[in-house]
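One structure below.
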Amino acid sequence: MPSTSTPFPLFRLPYVALNEVFCSFECGDLIEMSLCSKRCKRIVKSTRNDFFGIRIFITSDYFSIRVDGKNGVETMWMFSATHHDENSRVYMLSGEEIKVQRCLSIFEVFYPPEHRQFIMTSLVNLMMDSLQIPMLKVDLHTNGFVDFLDFVPSFQKSRKICFNGITPLSVEDLDFVKNTVSSDTELQFSPF
């Protein structure tokens, strides 16, 4: 039976009241709202929050993006290889369709594997811009990760990047990394 109630006119609220409503949202809700429209993103961007920054973990076939705040991990967005179900939401992100399934504050992201770098970079940029927070750290695991250097330009604004692998990076790879990232970025290589 269809609902007979009218939707609440959220965007007709005065700015102060609207800001209070958005301040009560959890981090994941704010990110989802910023995906809805430019107007929603602008409101999320102007909302006060207590989030510290983003931490990224990436391997050859997996990534996770974590937003840290005063309560620890506020939300986590991660790649999932498992098949999504009918409860997934579909969003357009930088012109690409992604499917997202939520379980509490964890979001599983489904997308074509060939768009992984683009989707991950777009999500990180959206979070940094909407929540007005920095990229704190990237843990890049290079074992079996043939094209890991392609991801380095996406992380050039990170405060710290850790390269972890079995073998050290070549001199050419080290030079590429050092010439690509910001001079303020702390680099850590294991093994060195």
Side-chain angles (χ1 to χ4, degrees), residues 27-28 31 35 51-68 72-85 87-129 131 133-192:
C27 183
I31 295 168
L35 283 164
F51 311 130
F52 302 141
I54 296 171
R55 296 182 190 272
I56 301 165
F57 178 86
I58 183 168
T59 69
S60 62
D61 58 357
Y62 174 82
F63 77 79
S64 66
I65 305 166
R66 179 178 105 184
V67 177
D68 290 344
V73 178
E74 299 284 349
T75 188
M76 181 182 288
W77 291 61
M78 62 186 176
F79 167 71
S80 179
T82 59
H83 187 68
H84 59 280
D85 63 25
N87 296 322
S88 298
R89 294 183 179 134
V90 177
Y91 294 111
M92 288 301 287
L93 180 65
S94 301
E96 291 290 329
E97 187 177 279
I98 61 169
K99 291 182 175 78
V100 177
Q101 190 163 349
R102 182 177 185 173
C103 180
L104 302 174
S105 64
I106 297 175
F107 295 78
E108 293 181 303
V109 182
F110 310 93
Y111 53 85
E114 64 272 12
H115 297 158
R116 177 170 97 117
Q117 180 182 354
F118 178 76
I119 295 297
M120 190 195 67
T121 302
S122 297
L123 271 172
V124 168
N125 290 338
L126 172 82
M127 291 177 191
M128 288 174 57
D129 185 42
L131 302 176
I133 55 176
M135 189 183 320
L136 299 174
K137 183 179 179 188
V138 177
D139 281 307
L140 194 68
H141 291 257
T142 61
N143 297 344
F145 197 166
V146 178
D147 59 345
F148 73 91
L149 287 176
D150 293 344
F151 286 77
V152 172
S154 305
F155 307 135
Q156 62 184 338
K157 294 180 183 175
S158 180
R159 293 185 179 168
K160 182 176 184 177
I161 304 175
C162 301
F163 294 86
N164 301 295
I166 296 173
T167 59
L169 269 61
S170 69
V171 173
E172 295 82 16
D173 290 351
L174 284 169
D175 287 342
F176 172 79
V177 169
K178 290 176 182 175
N179 292 328
T180 303
V181 301
S182 166
S183 59
D184 296 333
T185 301
E186 178 186 343
L187 297 172
Q188 183 178 10
F189 301 95
S190 178
F192 189 67

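Please read these numbers as outputs of a predicted model, since none were measured by experiment.
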### Query
Between atom CZ of F63 and atom CD1 of I119, what is the distance when rounded to the nearest 0.5 Å?
8.0 Å
### Summary
When every non-hydrogen atom of T142 is compared with those of G165, the smallest separation belongs to OG1-CA, 3.4 Å
### Task
Indicate the atoms forming the closest heavy-atom contact of N143 with I166, along with that distance.
OD1-N, 2.8 Å
### Task
Supply the atom-to-atom distance I98 CD1 to L123 CG, rounded to the nearest 0.5 angstrom.
5.0 Å
## Note on the structure
side chain to side chain donor-acceptor pair (under 3.5 Å) pairs touching residues 104-113, sequence neighbours excluded, are S80-E108
### Summary
Rounded to the nearest 0.5 Å, the CG atom of L35 sits from the CZ atom of R89 at a distance of 10.5 Å
### Query
Which pairs, with at least one residue in residues 136-158 and sequence neighbours excluded, count as a ring pair (Phe, Tyr, Trp, His ring centres under 6.0 Å)?
F57-H141, F145-F151
### Task
Determine which pairs satisfy salt bridge (Lys or Arg N to Asp or Glu O under 4.0 Å) with at least one residue from residues 139-158, sequence neighbours left out, and list them in order.
K137-D139
### Message
Run the salt bridge (Lys or Arg N to Asp or Glu O under 4.0 Å) test against R159 and tell me which residues pass, sequence neighbours left out.
### Response
none
### Summary
For E97, the salt bridge (Lys or Arg N to Asp or Glu O under 4.0 Å) test, sequence neighbours excluded, returns K99
Solution key, residues 168-175 side-chain donor-acceptor pairs under 3.5 Å, sequence neighbours excluded:
unit_1: S170; atom_1: OG; unit_2: E172; atom_2: OE1; d: 3.4
unit_1: S170; atom_1: OG; unit_2: D173; atom_2: N; d: 3.1
unit_1: S170; atom_1: OG; unit_2: D173; atom_2: OD2; d: 3.4

### Query
Are any side-chain N or O atoms of N164 and backbone N or O atoms of S190, one a donor and one an acceptor, separated by less than 3.5 Å?
no
### Taking every non-hydrogen atom, the tightest pair across T185 and S158
OG1-O, 2.7 Å
### Query
For residues 180-192, which residue pairs qualify under salt bridge (Lys or Arg N to Asp or Glu O under 4.0 Å), counting only residues two or more places apart or in two chains?
K160-E186
### Task
Can you run down the salt bridge (Lys or Arg N to Asp or Glu O under 4.0 Å) pairs that involve residues 118-129, sequence neighbours left out, and say none if there aren't any?
K41-D129, K45-D129
### Message
Within the structure provided, determine whether L187 and F163 are in side-chain contact (heavy-atom separation under 4.5 Å).
### Response
yes
### Message
Suppose we screen for side-chain contact (heavy atoms from CB on, under 4.5 Å). Which residues come up paired with S122, at least two apart in sequence or across chains?
### Response
L93, S94, F118
### Task
With sequence neighbours left out, write down each residue that passes side chain to side chain donor-acceptor pair (under 3.5 Å) with S182, or none if nothing qualifies.
none
### Summary
Distance col, row W77:CH2 vs F107:CZ, nearest 0.5 angstrom, shows 5.0 Å
#### Entry: Pairwise salt bridge (Lys or Arg N to Asp or Glu O under 4.0 Å) hits with a residue in residues 113-128, at least two apart
none
### Query
Which value, rounded to the nearest 0.5 Å, describes the distance between M135 atom CE and I65 atom CD1?
9.0 Å
### Message
Please give me the minimum heavy-atom distance between T75 and C27, naming the atom from each residue.
### Response
CG2-SG, 3.5 Å
### Intermediate values then yes/no, side chain to side chain contact (heavy atoms under 4.5 Å, CB included), V67 and I31
CA-CA 10 Å; V67 177; I31 295 168; 4.3 Å; yes
## Note on the structure
Value for CG (D68) from CD (E74), rounded to nearest 0.5 Å, stands at 8.0 Å
### Task
Under the side chain to side chain donor-acceptor pair (under 3.5 Å) rule, collect the residues that match up with S64, sequence neighbours excluded.
none
